[in-house]
Asks: 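Would you mind keeping the following structure in view while I ask a few things?
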Amino acid sequence: MDQITATGGCAHPVHLSGHTTTRDTRTGEVLHHYDTTSEPFERLPVRCRNRRSTVCEPCSRLHAGDTYHLVRAGLTGGKTVPEDVRHHPRIFATLTAPGFGPVHRANNGKRCNPRRGSGQCEHGRALGCGLEHGDADPLVGQPLCPDCYDYAGHVLWHAHAGRLWKAFTDNLHHHLATRTGQTRTALRRTLRISYAKVAEYQRRAAVHVHAVMRLDGASGPDEPPPPSADASALADSVRSAAAAVHLTLPYHPALGEHELRWGVRLDARPLRADGGPETLTDDAVAAYVAKYVTKGATDTGAGLDHRIDNPAHITTAPVTPHVRTLMATCWHLSSLPELEPLHLRAWAHTLGYRGHILTKSRVYSTTYTALREERAQHRGAHSTIADDPGTVTESQWRYAGSGHTPGAALIAAGIADDLARNREVARDASNTATGGAVGTG
């Protein structure tokens with residue numbers, strides 16, 4: 001019970017066995033010693049740290065809280081970031097994937113794909129859809145004609161999304177330099193673009209990117225950027241830089257030639273410290289990003305939470321026909337020698353997308369590691385003895401398994417539920433005391 005409670009009711013803990021010894025470097029005296037031989041089953045469980053709520057809800061919530069503080073620190077300061085960054089030019093941008101074929105849409109009570117006449121594609125399917133789909137309609141996101149849909153292009157776009165983002169950020173410096181009347185070299189000497197971005201799957205199973213972007217001086221967040229580089233110039237540069245990105249893949253007899261680019265639907269909204277009726281708040285943006293980081297495949301309906309090691313698993317996967325075809329396309333394309341470096345078979349469960357869900361530039365804000373260490377120190381997990389420069393710590397650990405026994409799994413679920421109820425009660429009490437809502441995190 002104590003072990004499971006210490007992991008917060010983690011659904012799939014990792015078990016370690018080993019020891020840690022801290023000695024005085026001058027006398028050799030053992031100041032602290034811990035060994036798992038005194039633990040039940042002679043092993044120590046630690047959190048799995050899985051970000052997906054569909055895999056482990058307790059660890060997912062912890063990851064969401066860390067993400068919230070990581071993003072918020074880059075907007076308002078704190079966690080080693082100066083508070084003056086709230087007055088730096090900042091925007092919230094969304095870059096989408098291009099279209100790979102018409103799909104059914106939920107269009108706020110309007111018809112899905114209205115089209116005059118009764119035209120049909122070459123496969124005998126209607127070119128339009130006059131129905132009104134609700135948000136929960138399973139048809140939303142599915143292609144009007146699967147045979148016309150460019151599944152290869154969809155998968156290849158996912159596989160090269162990292163290159164597209166790199167090309168976009170490189171272009172962004174050039175476009176911002178042009179807009180502020182400087183050369184690119186001069187711009188890099190006077191300012192730095194910092195960002196944190198999160199990838200989200202749309203209903204059509206295509207990734208789009210939400211990015212918090214901030215302009216700093218050349219030395220980073222401690223220095224403001226030049227006055228000519230404001231939020232409006234950054235937003236305009238994001239739009240023009242994204243539109244200018246074009247990556248052409250080598251021609252292949254089976255696939256033809258694919259040109260990769262960002263979608264035409266792009267949004268860039270300035271964030272202002274003084275707020276306003278139509279301005280996104282810093283807390284709202286941080287909570288928005290944190291929410292999408294913890295979404296699993298079950299929440300998004302795009303792919304699976306685990307890798308696929310057998311093509312037979314694709315046919316039995318609990319996904320839509322559209323997603324199943326995307327996974328099968330990854331599996332088939334991986335057999336082409338020219339595409340072998342993409343390792344599409346290993347990423348079939350994510351539909352070819354190979355990037356991290358959340359990434360950030362180096363000086364945007366703090367790191368997940370720093371946040372975990374700060375939390376551990378707050379809970380007293382790190383002894384002050386180990387931090388003494390006059391001591392040395394020797395550790396030896398090995399992997400001893402993972403997961404729970406059936407009985408322990410029931411205990412962990414009960415502990416996780418109790419902790420969730422306690423948080424709700426504490427949140428309600430805090431709201432009552434303050435007379436308002438408390439931010440997530």
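Being a predicted model, the structure only gives us computed values, none of them experimental.
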Asks: Of all residues at least two apart in sequence or in a different chain, which pass the side chain to side chain donor-acceptor pair (under 3.5 Å) check with R125?
Replies: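 Partners of R125 under the side chain to side chain donor-acceptor pair (under 3.5 Å) test: D147.
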Asks: Kindly say whether the aromatic ring centers of H210 and F92 come within a distance under 6.0 Å.
Replies: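 Yes; F92 has its ring centre under 6.0 Å from that of H210.
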Asks: Return the set of residues passing side chain to side chain donor-acceptor pair (under 3.5 Å) with T359 (not counting sequence neighbours), or none when no residue passes.
Replies: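 Residues passing side chain to side chain donor-acceptor pair (under 3.5 Å) with T359: K197.
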Asks: Would you please indicate yes or no on a ring centroid separation below 6.0 angstrom for H208 and Y201?
Replies: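 Aromatic pair excluded; centres sit 6.0 Å or further apart.
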Asks: Taking only residues two or more places apart in sequence or in another chain, which ones pass side chain to side chain donor-acceptor pair (under 3.5 Å) with R345?
Replies: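 Result, side chain to side chain donor-acceptor pair (under 3.5 Å) vs R345: S334.
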Asks: Hey, can you tell me if F100 and H154 have their rings parallel, tilted or perpendicular (30° and 60° cut-offs)?
Replies: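 It falls in the parallel class, under 30°.
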Asks: Residues in salt bridge (Lys or Arg N to Asp or Glu O under 4.0 Å) with E39, at least two apart?
Replies: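 By the salt bridge (Lys or Arg N to Asp or Glu O under 4.0 Å) rule, E39 matches no residue at all.
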Asks: Taking only residues two or more places apart in sequence or in another chain, which ones pass side chain to side chain donor-acceptor pair (under 3.5 Å) with S53?
Replies: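 Side chain to side chain donor-acceptor pair (under 3.5 Å) check on S53 returns D299.
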Asks: Should the pair W165 and F168 be assigned to parallel (<30°), tilted (30 to 60°) or perpendicular (>60°) ring geometry?
Replies: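 Rings of W165 and F168: tilted, 30 to 60°.
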Asks: Please, which pairs that meet side-chain hydrogen bond (donor to acceptor under 3.5 Å, both in side chains) have at least one residue in residues 301-311, sequence neighbours excluded?
Replies: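 Passing the test, one end in residues 301-311: R52-D305, T54-D305, D309-H313.
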Asks: Which residues pass the salt bridge (Lys or Arg N to Asp or Glu O under 4.0 Å) test with R86, sequence neighbours left out?
Replies: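 If we apply the salt bridge (Lys or Arg N to Asp or Glu O under 4.0 Å) test to R86, skipping adjacent residues, there are no hits.
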Asks: Taking salt bridge (Lys or Arg N to Asp or Glu O under 4.0 Å) as the cut-off, I'd like each qualifying pair that reaches into residues 75-84, sequence neighbours left out, listed once.
Replies: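 Sorted result for residues 75-84: K79-E374.
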Asks: Could you tabulate the donor-acceptor pairs under 3.5 Å formed by side-chain atoms of residues 413-423, not counting sequence neighbours?
Replies:
{"from": "D417", "atom 1": "OD2", "to": "R421", "atom 2": "NE", "distance (Å)": "2.9"}
{"from": "N422", "atom 1": "ND2", "to": "D418", "atom 2": "O", "distance (Å)": "3.3"}

Asks: Do F41 and H15 make the cut of ring centroids closer than 6.0 angstrom?
Replies: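 No, ring centres 6.0 Å or more apart.
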Asks: Which residue pairs satisfy the salt bridge (Lys or Arg N to Asp or Glu O under 4.0 Å) criterion with at least one member in residues 348-364, sequence neighbours excluded?
Replies: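 Salt bridge (Lys or Arg N to Asp or Glu O under 4.0 Å) check on residues 348-364 returns no pairs.
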Asks: Please list, chain by chain and in numerical order, all residues satisfying salt bridge (Lys or Arg N to Asp or Glu O under 4.0 Å) with D216, sequence neighbours excluded.
Replies: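 Salt bridge (Lys or Arg N to Asp or Glu O under 4.0 Å) check on D216 returns R214.
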Asks: Holding to side chain to side chain contact (heavy atoms under 4.5 Å, CB included), I want the full list of residues that pass it with A235, two or more places apart in sequence or in another chain.
Replies: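 Listed in chain order: I91, R239, A268.
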Asks: For the aromatic rings, using the six-membered ring if either is Trp, is the centroid distance between W331 and W347 under 6.0 Å?
Replies: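 W331 vs W347: aromatic centres not under 6.0 Å.
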